[in-house]
Amino acid sequence: MQNIETVRNDLLARIAKSDTPRELFKVPELKQLMTAITSLPVEERGAYGKSINELKQALEVAIVAREAELDNATVESIDVTAPWDINGSSLQLFPTENGTQHPLTTELENVIDIFTRMGFEAIESRQIDDDEHMFASLNFHENHPARDGYDTFRTEEGFIPPAHTSTMQNRILKVGKAKLEAGEQIAAISYGRVFRNEDLDPTHEHTFYQCEGVFVSETATLGQMLGTLRSFFETYYGQKLKIKTQPAYFPFVEPGLEFAIEKPAALGGKSGEWLEMLGCGMIHPNVLKAAGIDPVKYRGFAWGGGIERLVMLKYSIEDMRHFKSGKLAFLRKFV
Ligand code: DAH
């Protein structure tokens, strides 16, 4: 037991200074402590095992804390109050004097540009909305189980920071109704930030970007939708792509699909490696009805997907959290 205490104090001190704290789990002193249990009388083994477990837990806690400390240390700090020209040496953070646009903004502009050239009007998505737009008008009735899948935040007053850009569909359809009546079609995208109460990991963020598309006419077909999406992805990645779909459920479309592309070889993909890019489908009659559009006369398709995912594939970014990390080394790669 005394040995455990000595090893514990020694390792905690070393973890606090180490650049690779997790490696310290491998030190021989620790192995020796663990194997020592076999040489103890049976009645002492229980208490000894418990102490070893406590030791391991304490080390884990210290290692996680040290790792977080190391992680933070790699975020370079910027003194935003510093004068531009200190003793004649200019503070050159970026090659241009004015800094640069965030890569996500640049890529979102690219996406908007491609769709507007295809004839879609681009509308920024709201950052605060209500149950009616986020759910009810999209055919999620009050107790619909699919609501749970959206991990929505709510304000005390019951407002919702939207969890998807589909929150704009009802407005787009209502405004577009006049166009349909004038013999035109509705073709719009809505783009912007969305929010979900999610645990963070390399592919999940609580705040991220989506882009949604809506098209309605008297003759819209699923084939047109697949053609539109294929053109978009081939333009965005600058190459021919294989696409596939599989059935998926979203209350606001019928049929609903998941749309995947084969990971381009130029981006390290192997044949048969599919990446799911977005959800899509033919707009559900109830969604058209909720906007006052006659679902017998008109039909439409819609899709929605994340922007980060597109950009991560394009630039082989392995962790979504880099975008908001504030790490200049990451941002400079896009200058
Ligand atoms: N809103 C869905 C989501 O965030 C994505 C989506 C699926 C949008 C199907 C659509 C659609 O417009 O038709 O998970």
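Note that the coordinates shown come from a computational prediction; the quantities given were computed from them, not determined experimentally. Both counts, for ligands and for their atoms, begin at 1 and track the order of listing.
Ligand 1 is surrounded by Tyr150, His164, Ser166, Gln169, Arg196, Gln210, Glu212, Phe250, Phe252, Val253, Gly279, Cys280, Gly281, Ala302, Trp303, Gly304, each with at least one heavy atom closer than 4.0 Å.
The closest side-chain donor-acceptor pair between Glu212 and Thr165 falls under 3.5 angstrom. Under 3.5 Å, the side chains of Glu107 and Tyr209 contain no donor-acceptor pair of N or O atoms.
Within the structure, no pair that satisfies the salt bridge (Lys or Arg N to Asp or Glu O under 4.0 Å) test touches residues 191-201, not counting sequence neighbours.
Taking both residues in full, the closest heavy atoms of Met168 and Glu124 are given as CE-O, 3.7 Å, listed atom of the first, atom of the second, then distance.
Side-chain atoms of Tyr191 do not come within 3.5 Å of backbone N or O of Glu109 as any donor-acceptor pair. The main-chain N or O of Ala47 is found under 3.5 Å from a side-chain atom of Ser51 such that the two form a donor-acceptor pair.
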